[in-house]
Structures are given as structure tokens and as C-alpha cells.
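Notes follow once the structure below has been shown.
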Amino acid sequence: MDKRDLFRDNVLTSGHRACSGCGEAMAARMVTDLIGPDAIYINATGCLQVFSSHNQQSAWQAPWIHSVFANAAAVASGVEAALRAKGKNTPVIVQAGDGGTFDIGLQCLSGMIERGHDILFVCYDNEAYMNTGVQRSSSTPHAVRTTTSPPGRLANGKHELKKDVISIMAAHHMPYAATATIAYFPDLKAKVEKAMSIKGPRFLQVLSPCPLGWMHDSALSVTVSRLAVETGLFPLLELEHGELTGVMRLAEQKPVEEYLRPQGRFKHLFTGKEGGVELRHLQALADARIRRYGLLEADTKWDTARAMQSERNGRGGYVSTSTSGGAEHGA
Amino acid sequence: MKQLLEGSQAVAEAVRLCRPQVVAAYPITPQTHIIERLAQHVANGELAAEFINAESEFGAASIVLGAVASGARSFTATASQGLLLMTEVLYNIAGLRLPVVMICANRAVGAPINIFSDHQDSMSVRDAGWIQLYVDSNQMAVDMLIQAYRIAEVCELPVMVCMDGFLLTHTFEPVVLPSQAEVDGYLPAFQFARTLDPTQPMTIGGASEADNYQEYRIAQHHAMENSLAVIEALDAEFEQQFGRTSGGLLQGYCLDGAQIVLLGMGSLMGAVCDAVDNLRTQGEAVGALSLRCFRPFPAQALIQYLSGAQRIIVLEKAISIGGGGIVAAELRAALYQAGITTPLESVIGGLGGRDLTPEVIETIFKKRVEAETEMTNHFAPNHIITDEIDSGGKAHG
Ligand SMILES: Cc1ncc(C[n+]2csc(CCOP(=O)(O)OP(=O)(O)O)c2C)c(N)n1
Ligand code: SF4
Ligand SMILES: [Mg+2]
């Protein structure tokens with residue numbers, strides 16, 4: 001008997017234990033429903049795994065496995081290899097937080113990409129180690145308060161910058177890497193569908209506000225994630241074979257303050273003595289990203305077909321073919 | 001037909017005959033020849049498997065975890081630093097009750113870094129929940145590897161075949177390789193019910209708390225205990241089909257009338273048996289016992305073999321720093337529980353590749369038998385740490 005018929009359609013069903021307004025829960029719901037239950041999901045340790053998989057109360061209605069924190073991309077590599085050996089092409093999806101992507105999981109992720117596994121890796125980026133109680137990760141932006149980057153007499157929150165992980169992904173010359181967020185569902189949908197139409201390693205970084213860690217009203221998750229884009233702090237990008245092939249342009253640039261104000265994690269910048277310096281710094285970072293990706297300019301010209309052709313000369317490389325209709329994966 | 005093969009080649013052939021569909025590996029001496037040979041088999045089309053070059057041993061263990069959870073028989077091999085790097089995943093594989101099979105080409109653990117053989121690596125992960133089988137010879141490595149897949153798949157437990165680095169992996173010995181048909185007759189196609197399959201969606205590796213975590217751990221322990229009988233039965237079945245035994249849990253040598261028993265694990269037992277032969281010609285009532293299966297710990301079988309002994313000397317190539325001999329400690333506990341008060345001595349040696357020749361073993365034997373000392377730790381002239389204890393006298397006196 002095909003047990004799928006017994007269930008509702010959602011891959012991640014309701015009743016799980018996420019906080020109200022959890023951006024990661026929203027993002028996972030969107031992404032997994034777009035992909036559907038005919039896929040195998042591999043989850044790293046983190047909030048999503050913890051709130052969805054309590055013993056005998058699983059919220060997953062698709063085959064789902066969690067092993068440890070750092071190895072999701074490697075477990076997925078094994079799953080994909082097994083499917084290949086058996087002549088099956090069930091889609092393989094990894095889900096991980098920013099800690100499981102930028103930090104502890106980066107080595108396995110890089111290996112998975114370099115070996116060309118046919119896997120979509122989705123990073124739900126909430127910019128800190130939320131599951132352990134909001135510690136800073138390499139994804140935490142500059143100046144943010146976390147429990148391990150507290151502001152104090154000698155510090156203004158996190159000293160370092162947010163790691164530019166999408167560029168690291170692009171440096172692998174992987175077939176497809178993109179950023180998205182929960183505020184722009186049509187964009188997210190298009191990117192998931194595009195990713196599912198491509199063979200080879202693919203990466204999606206979904207900015208997922210966390211009301212608990214970002215200290216904003218739980219009703220504001222979508223608003224805050226929209227402001228991250230509109231200020232230029234979180235550009236929505238597509239990169240194919242190492243090159244930028246798409247950006248979501250901004251009609252106008254909003255000042256970063258509009259994004260920072262609703263979030264308690266930036267509060268010290270508005271009350272502390274030296275906050276003004278950091279506010280100017282964060283504005284400069286947003287300006288630089290806007291310039292770098294031409295977010296206020298006209299379209300760039302990039303010939304994806306030609307890029308793919310040059311990447312695929314010879315017998316090696318990624319076996320990436322854009323099957324444009326998504327026929328193989330049937331997303 | 002006997003063939004002269006390097007241990008790594010022989011065992012790689014055994015792996016090929018078991019038809020794994022996924023092989024994941026990362027290079028580390030002295031395991032490399034095994035995976036190199038498998039890579040060549042895959043490249044030549046002689047083994048229909050996906051060969052995955054992992055980015056680390058942590059990755060390699062995770063890859064076979066994913067592959068087995070997806071219903072594909074898999075293989076990996078490592079040693080030493082690589083095994084320790086796998087540790088987190090080894091526990092996870094065991095907790096998920098996945099029938100993964102791997103070879104540990106036993107090697108010392110740094111610092112100081114040392115590529116040569118002892119048992120510190122596998123002994124350090126003895127609590128991870130893997131069946132651990134130690135082999136004496138290359139023939140036994142071949143036979144045990146084939147049995148390992150059967151054991152793993154029947155018990156839904158992972159199995160680590162422990163094979164001394166260099167002493168076995170890089171040594172040429174005559175080996176009988178079974179035919180594909182023979183192996184197929186013993187090892188059916190991979191069957192595992194709890195797999196990732198969209199038609200039967202299952203959550204694997206969910207979170208657990210105090211309400212049921214302990215039950216999982218106890219169930220895992222019971223599965224381990226129950227595997228003792230399976231290991232013996234499958235060795236008997238193997239013997240019936242192939243005419244060779246790997247000894248099951250334990251293998252005795254010259255135990256008839258033996259008052260003193262030398263106990264050890266792995267390739268060391270070749271030298272131990274030679275030493276026993278020499279000592280017997282000198283009139284010593286000595287025998288040897290090769291502990292094949294260290295996990296699960298075969299306490300009952302050990303007691304059966306050792307109940308007649310008047311003195312036991314445990315030789316081992318690993319040390320629990322600050323504790324002492326590991327096999328010795330477990331054996332003492334088992335004997336104590338059975339009310340057996342035979343004096344037991346713990347001798348640690350052969351670390352980092354130091355030779356334990358028959359002559360050295362004879363010297364140890366004579367020194368220990370003559371000694372009437374209290375429990376101490378000291379360095380013998382040949383730098384073998386000995387810890388002497390008359391457990392009977394102290395425990396029950
Ligand atoms: C090896 C290891 N180190 C640390 C932890 C503790 N830990 C569990 S979840 C987690 C944070 C996860 O952060 P992230 O990946 O960003 O996911 P989030 O919870 O934020 O969604 C940490 C540090 C662990 N489980 N394993
Ligand atoms: S802590 Fe943040 S990421 Fe975790 S469940 Fe709550 S809102 Fe979601
Ligand atoms: Mg996070």
C-alpha cells in the first residue's frame with residue numbers, strides 16, 4: 001500500500017514545536033511543499049530538526065533522516081549514491097541551519113558539491129545558532145547581539161562580518177546557487193522550481209527570521225525579511241556555474257535603520273554611545289552590496305548556455321543539464 | 001585455489017564478492033591499499049558500485065550511513081586518526097541500527113603520530129555500539145568480512161572487522177578466495193526494511209528525551225548480546241559451506257591440559273601460538289586463547305574456556321591511559337562475576353608497531369609466571385608495561 005494516501009499533502013505538517021512566527025518553519029513549509037513528498041529529506045541538527053521530529057510525533061510526511069549536526073551533506077551524498085546505484089532518481093534534499101551550513105557543515109557541503117552529487121542543499125539562514133539559545137555563528141551579521149557576542153564596555157556585538165557563503169558556493173562553479181527569503185514567495189517558488197529542474201549540486205540560502213533570536217515581534221517575520229532585501233543587506237541572487245545570472249532589483253534603496261529598528265538584536269546600536277559608528281558601517285555594507293550586484297541598475301548580460309557548455313567540455317565536471325520542464329524531478 | 005595475496009588485496013576481493021553498491025573512503029595508511037584496489041575494480045567495471053571519494057573519514061562514515069539507510073549494501077575502511085574522526089558518526093550508525101560493515105586497519109593513535117599497528121584506534125570506540133571482530137590472518141580477514149555482512153544484516157547492527165595494519169594489510173599470505181557463486185550462496189542480496197522510501201515515508205533519527213531514550217539504549221545493548229549466538233551460528237554455517245572456521249567468538253590453541261593461558265587478539269596470536277609451541281617443548285603446561293569477538297564481550301564463552309586455567313596472562317596492544325589493560329579489566333570483571341578467582345595478569349605491549357615476537361612473548365611468560373608481586377605498573381626491560389594482580393587473592397581473600 002502506498003502510505004502517502006493516508007496523509008495530508010504537506011510535507012511538514014502542523015503541530016510541530018516551533019516558536020510562533022518562526023521564519024525557519026515558514027521557509028521549510030514553503031520549500032518542502034514546493035518539492036513535495038516524492039523526495040528524500042536529510043536534516044542537520046538544529047531548530048528545524050528539533051521542533052519537527054520529536055520521537056513518535058514526527059511532523060514529516062516524506063522520508064526524512066537526521067544523523068548529526070555536521071554531516072547532512074555527506075549523508076545525502078550516500079543517499080544519492082545509493083539511489084544512483086539502484087537506478088532511481090528520487091530527488092534528494094538537504095535542510096540545515098546556518099550553523100550546519102556556514103560553519104560545522106561546510107566541509108561536508110563542499111565535498112558534496114565538488115563530487116557533483118545531484119542534491120539540493122537548502123540553508124535556512126537565521127543568522128545564529130538558535131537551537132542552543134542564540135549563539136553567534138559565522139553567518140551572524142556584524143554588530144549583532146547574541147549570547148556569545150554580547151555588547152559591553154569593550155564590544156558592540158559581533159565584531160566580525162557575516163560570511164559570504166553564496167560566493168563560496170559560487171566558487172565551486174556549481175550549476176545553481178541562489179538566495180531567497182520568506183517575504184518573496186513567488187521568487188522563492190521560482191528558485192525552488194528552477195533548482196529542481198537542474199541536475200547536479202544546487203544550493204539555496206533562505207533568510208529565515210527568528211523572532212526569539214532577532215528579538216522582533218513574532219508577527220513581523222515576513223516584514224523583517226522583506227526589509228533585509230529592500231535595504232540591500234540581503235540581496236536576492238542567482239549564480240550559475242560560478243557567475244551571477246540573476247538579481248532581484250530594488251525600485252529604491254531603504255535606509256538600513258528601517259530594518260534594524262524593529263530588531264532587539266541591534267538595539268544597543270541605538271542606545272549605546274558608539275552605536276552611530278556601527279550604524280554607518282552597516283549602511284556602508286548595504287551600499288557596497290547594492291553596488292556589487294547592481295541592485296539599482298539595469299540587467300546584466302550573462303549567457304548561461306555558453307557558460308554551461310564551457311563547464312561541461314570533456315568527461316569531468318558537473319552533469320548539469322537544465323531540463324527546463326522539470327520532467328525528471330516533476331516538482 | 002590458493003593465491004598469494006597482500007592482505008589488503010585479499011580483503012578487497014572479499015569486499016567485491018559481497019557486492020556492495022556504495023563504497024566510500026578517505027585515504028589513511030595502512031588502509032589505503034584496500035580502497036585503491038576497490039577503486040580500480042570500479043574503474044574496470046569489475047564491481048558495480050558507486051565509489052565515493054569522501055572529503056574526510058567523517059564524511060565517508062556519513063556517506064555509508066546514508067547509503068545503507070537508502071537500502072544499498074555499503075563498505076568503508078579506515079584506521080587510527082580516521083576512525084577517531086568518524087567517532088560521532090559511528091555512534092550514530094549504531095544508534096540508528098544500520099547494518100554498516102567497515103574494516104579498521106588497526107593503527108596507533110597520535111600523539112606522537114605513528115602509522116604502525118596497535119589496537120588503540122578500535123579499542124577507543126569500543127562503546128560506540130559496533131560489533132568488533134579481530135582477525136589473526138589474511139584468510140580470516142577474507143572469511144570474517146564475508147561473515148560480517150551476514151551478521152550485520154541479520155542483527156541490524158554495524159560490524160567492524162579489525163585487521164592489524166601492515167602486519168596483515170601489507171603482508172603477502174596464501175589465501176583461498178571463494179567464488180562469486182559460493183559467496184552469493186552464503187550472503188543473500190541486501191535486505192533491510194527501514195529505508196528511506198517515498199512510498200513508505202519514515203522519520204529516521206528523530207529526537208528523544210528521558211521518556212524513552214533509555215529504552216532505545218537498552219534495546220541496542222540487548223541486540224548486541226543477542227548477536228553472540230548469531231556470530232557463532234553464522235560461523236558454523238560458513239564452516240559447513242566453505243570448510244573453514246573463523247572461530248566464532250573465540251579460538252583456543254593447545255588448551256588441553258593448559259594450566260596457564262595466554263590470551264590476546266589479532267595477528268599477535270600467530271606469535272603467541274609459536275611461543276606456546278616452544279614453551280610446551282620446554283614442559284610448560286601453557287595454551288592460548290584468541291579473542292575474536294571483543295564486542296559484544298563474550299563473557300560466558302570466555303568463562304567456559306578459562307574455568308580450568310590456573311593463571312591467565314592477557315597480552316594487549318592498547319592501553320586505557322590512567323586505567324591500564326582494557327581486555328584484562330573486562331575479563332577480570334567477567335571472572336569475578338562468575339566467582340572465578342584465577343590470578344590474571346595484564347601485559348601491554350606491541351604499541352605503535354613494536355614487535356611482539358615469540359621470544360618476547362616467552363620472556364613475558366617466564367617473568368610473569370615467576371613473579372610473585374603486588375599490583376604495580378612498571379616498565380619491563382623491553383618497555384612492555386605490565387600490571388600484575390592476583391585478582392583472586394585480593395578480591396576474595
Ligand atoms: C557536534 C555538535 N556540536 C554542537 C551541537 C549543539 N547544537 C545543536 S543545534 C546547534 C545550533 C544549530 O544552529 P543552526 O545550524 O544555525 O540551526 P538553527 O537552530 O539556528 O536553525 C548546536 C550548536 C551538536 N548537536 N553537535
Ligand atoms: S528559536 Fe527561532 S528558529 Fe528556533 S523555533 Fe524559535 S523562532 Fe524558530
Ligand atoms: Mg541558525
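As the structure is a prediction and not an experimental result, all values here were calculated from the model. All values below were derived from every heavy atom in this structure, side-chain atoms included, with hydrogens, water molecules and symmetry-related copies excluded. Lettering of chains follows the sequences in order, A, B, ..., and the numbering in each one begins at 1.
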Choice from [options] maximising heavy atom contacts with chain B below 4.5 Å:
| options | result |
| --- | --- |
| A:S58, A:A81, A:G111 | A:A81 |
| A:C108, A:A70, A:S110 | A:C108 |
| A:E80, A:K88, A:Q107 | A:Q107 |
| A:I40, A:T45, A:I42, A:V68 | A:V68 |

Side-chain (A:S139) to main-chain (A:D98) donor-acceptor, under 3.5 angstrom: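 No, the answer is negative, given that no donor and acceptor are paired below the 3.5 Å cut-off.
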Can you check whether B:A79's main-chain N or O pairs, donor with acceptor, with B:R107's side chain at less than 3.5 Å?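 Looks like no, no N/O pair under 3.5 Å.
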Which of [options] touches chain A most, by non-hydrogen pairs under 4.5 Å:
| options | answer |
| --- | --- |
| B:A207, B:A72, B:A69, B:G205 | B:A207 |
| B:A67, B:S208, B:A49, B:G206 | B:A67 |
| B:G95, B:G71, B:S74 | B:G71 |

Between [X] and chain A, which part of the residue has a heavy atom less than 4.5 Å away: side chain, backbone, both or neither?
| X | result |
| --- | --- |
| B:Y216 | side chain |
| B:D197 | backbone |
| B:V89 | side chain |
| B:A24 | neither |
| B:V64 | neither |

Checking A:R202 against A:F121: charged group under 6.0 Å from the ring centre and within 45 degrees of the axis?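 Verdict for A:F121: no cation-pi partner in A:R202.
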Check whether NZ of the Lys or CZ of the Arg B:R150 lies under 6.0 Å from the centre of the six-membered ring of B:Y186 and within 45 degrees of that ring's axis.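 Positive - B:R150 is close enough to the ring of B:Y186 and near enough to its axis.
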If you compare all heavy atoms of [X] against all heavy atoms of [Y], which two are closest, and at what distance to 0.1 Å?
| X | Y | value |
| --- | --- | --- |
| A:R115 | B:A54 | NH1-CA, 3.5 Å |
| A:A59 | A:H16 | CB-CB, 4.0 Å |
| B:V142 | B:P178 | CG1-CD, 4.1 Å |

Distance-only donor-acceptor check, side chains [X] and [Y], under 3.5 Å:
| X | Y | answer |
| --- | --- | --- |
| A:Y129 | A:D103 | yes |
| A:S208 | A:N126 | no |
| A:S67 | B:N92 | yes |

Return each pair, listed once, that meets ring-ring contact (aromatic ring centres under 6.0 Å, His included) where at least one residue sits in residues 64-107 of chain A; pairs must be two or more places apart or across chains.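 For residues 64-107 of chain A: A:W60-A:W64.
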Basic-acidic side-chain contact under 4.0 Å: B:R19, B:D184: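 Salt bridge between B:R19 and B:D184, a charged N being under 4.0 Å from a carboxylate O: yes.
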Tabulate, in ascending numerical order, the residues of residues 46-55 of chain A having at least one heavy atom closer than 4.5 Å to a heavy atom of chain B, or enter 'none'.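 Only A:Q49, A:S53, A:H54, A:N55 of residues 46-55 of chain A have a heavy atom under 4.5 Å from chain B.
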